[in-house]
Amino acid sequence: MSTPKKYMQIFNVMYKHYGPQHWWPGETPFEIMLGAVLTQNTSWTNVEKAIQHLKINEALDPKVIMDTHHKRLASWLRPVGYFNVKATRLKSYCQWYLASGQFEQLDRLDTPELRRALLSVKGVGPETADDILLYAFSRPVFVIDAYTRRLFSRLGYINGEETYESLRATFEKKLQRQADQVQLFNEYHGLIVWHAKYFCKKRPICTGCCLRRQCHGANPV
DNA sequence: ACCCAGGGTCATA
DNA sequence: TATGACCATGGG
């Protein structure tokens, strides 16, 4: 009985337990975009430090980033790890962003076009593109990350080996009849990440256990 | 001394 | 198309 309700039940339980998450942490669309790249395989606390370095140096701006020498930019990004890779990725993102007319012009594209454009940028993969679509451009796109895969795999809803696109299509289809998808997808992804962080406080969901990689759970709530 | 983190690219077979 | 190597700091 794979009704859409199953996917809403998980949301409802988490929402009642944890409350609204009001994501993404970041004040402007551009800050959200940079955060999406910087948080790749990296904890958010480290990203906050790097963003602070950019702010202190008045470099939270695509033109400033393009004009900053690689070594200098990388030094600001040190806390996020992979700082050489991410300095290059930020520059390639900013080059594309400026050439595309920034937020105002890009926001005129429909969601499939904008997604293709984002994926054409070196360093922007499917999850980063979807973070940007949902949280910077307010498009109804369901973000699939490692936590989402683990949670729903351990709930038995999926087998965990599906491709990114396959899972995204599944979630969007299961939730297609819900009102205000942007708000729902925004909160849903935020709640999954919050749940992963605070699983050991009062777990509202029987995932078997936590969402750590090496925990396949024998401690139902 | 591990394990983990809100991934993505590139080279190989 | 499917693995594997690589990127690298910081917190638990």
Side-chain angles (χ1 to χ4, degrees), chain A residues 10-11 14 18 20-26 29 31-54 70-96 115-137 139 141-154 159-168 171 185-201 205 207 209-217:
Chain A
I10 299 304
F11 173 81
M14 286 198 291
Y18 297 126
Q21 303 298 305
H22 44 76
W23 261 28
W24 179 290
E31 182 177 340
I32 290 168
M33 296 170 195
L34 293 196
V37 173
L38 293 179
T39 199
Q40 289 169 359
N41 208 39
T42 301
S43 62
W44 183 255
T45 56
N46 288 348
V47 175
E48 287 180 318
K49 294 171 191 168
I51 297 227
Q52 280 310 309
H53 292 161
L54 293 174
H70 175 91
K71 293 283 282 183
R72 184 168 165 78
L73 180 57
S75 75
W76 295 336
L77 303 184
R78 215 176 67 84
V80 300
Y82 311 142
F83 48 78
N84 284 315
V85 169
K86 286 177 179 174
T88 302
R89 288 182 184 176
L90 285 196
K91 284 206 178 197
S92 65
Y93 187 86
C94 290
Q95 183 171 29
W96 165 82
R115 190 163 201 275
R116 277 192 293 274
L118 285 163
L119 288 173
S120 75
V121 181
K122 294 299 179 192
V124 176
E127 184 187 337
T128 305
D130 288 346
D131 282 335
I132 293 171
L133 285 166
L134 178 59
Y135 292 106
F137 287 96
R139 304 304 178 92
V141 167
F142 198 97
V143 176
I144 305 295
D145 67 347
Y147 291 145
T148 308
R149 198 179 284 275
R150 270 177 232 158
L151 174 60
F152 287 87
S153 166
R154 290 172 193 179
N159 71 35
E161 301 299 314
E162 297 87 347
T163 65
Y164 184 96
E165 282 306 311
S166 161
L167 283 180
R168 189 168 70 90
F171 278 80
F185 295 172
N186 180 319
E187 289 294 340
Y188 212 146
H189 182 59
L191 284 165
I192 290 168
V193 175
W194 187 257
H195 176 67
K197 265 177 149 175
Y198 290 94
F199 66 93
C200 51
K201 295 210 169 166
I205 295 177
T207 62
C209 193
C210 63
L211 293 179
R212 292 160 62 88
R213 286 181 184 166
Q214 295 191 340
C215 181
H216 291 279

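Sequence lines set the chain letters: A, B, ... in the order given, protein chains first and strands last, and positions in each chain run from 1. Predicted model only: the values in this text are computed from it and were never measured. Side chains are part of it too, since the values below use all heavy atoms of this structure and drop only hydrogens, waters and symmetry mates.
Taking side-chain N and O atoms only, A:Arg78 has a distance below 4.0 Å to OP1 or OP2 of C:dG10. A:Arg149 has no side-chain polar atom (N or O) that falls below the 4.0 Å cut-off from OP1 or OP2 of B:dG7. Using a 4.0 Å cut-off, some side-chain N or O of A:Thr128 falls inside it from OP1 or OP2 of B:dG8.
Here B:dC10 is the nucleotide among B:dG7, B:dA5, B:dC10 with the atom lying nearest to any side-chain atom of A:Lys122. Which of B:dG8, C:dG11, B:dC10 sits closest to the side chain of A:Lys49 comes down to C:dG11. Checked against B:dG8, C:dA8, B:dA5, the side chain of A:Tyr147 finds its nearest nucleotide in B:dA5. Among the nucleotides C:dG10, B:dA5, C:dA8, the one closest to any side-chain atom of A:Pro79 is C:dG10.
Taking atom P on both B:dC10 and C:dA8, the two are 15 Å apart, rounded to the nearest angstrom.
In DNA chain B, the stems built from three or more successive Watson-Crick or G-U pairs (distances below 3.5 Å) are B:2-5 with C:9-12, B:7-13 with C:1-7.
Looking at A:His189 and A:Tyr135, their side chains come closer than 4.5 Å, going by heavy atoms from C-beta outward. When side chains are defined from C-beta on, A:Leu73 does not count as touching A:Phe83, because their heavy atoms never get closer than 4.5 Å. Using a 4.5 Å heavy-atom threshold, the side chains of A:Ile144 and A:Phe171 count as touching.
Residue A:Asp145 is classed as a sugar-phosphate contact, given heavy-atom separations below 4.0 Å to backbone atoms only. Among the protein residues, A:Val85 comes within range of the sugar-phosphate backbone only, with heavy atoms under 4.0 Å from sugar or phosphate atoms but none that close to a base. Heavy atoms of A:Asn84 sit under 4.0 angstrom from primed sugar atoms or phosphate atoms, though from no base atom. Among the protein residues, A:Val124 comes within range of the sugar-phosphate backbone only, with heavy atoms under 4.0 Å from sugar or phosphate atoms but none that close to a base.
Under the side-chain hydrogen bond (donor to acceptor under 3.5 Å, both in side chains) criterion, A:Asp130 pairs with A:Arg115, A:Tyr164, not counting sequence neighbours. In this structure, A:Glu161 has no salt bridge (Lys or Arg N to Asp or Glu O under 4.0 Å) partners at least two apart in sequence or on a different chain. The salt bridge (Lys or Arg N to Asp or Glu O under 4.0 Å) check on A:Glu31 picks up A:Lys55, with sequence neighbours excluded. Annotation: side-chain contact (heavy atoms from CB on, under 4.5 Å) contacts of A:Ala50 (sequence neighbours excluded): A:Leu38, A:Leu77, A:Val80. The side-chain hydrogen bond (donor to acceptor under 3.5 Å, both in side chains) search around A:Thr128 returns A:Gln40, not counting sequence neighbours.
With rounding to whole Å, A:Lys86 atom NZ is found 9 Å from C:dA8 atom C1'. Note: CD (A:Gln40) to P (B:dG7) measures 8 Å, nearest angstrom. Rounded to an integer number of Å, the gap from A:Lys91 NZ to B:dG8 C1' is 20 Å. The interatomic distance linking A:Trp194 (CH2) with B:dA5 (C1') rounds to 16 Å, in whole Å. Counting to the nearest Å, the P atom of B:dG7 and the CG atom of A:Asp130 are 13 Å from each other. Atom NE2 of A:His53 is separated from atom P of C:dT9 by 14 Å (rounded to the nearest Å). Separating the CG atom of A:Asp131 from the P atom of B:dG8 is a distance of 8 Å, rounded to the nearest angstrom. The OH atom of A:Tyr82 sits 10 Å away from the C1' atom of B:dG8 (whole-angstrom rounding).
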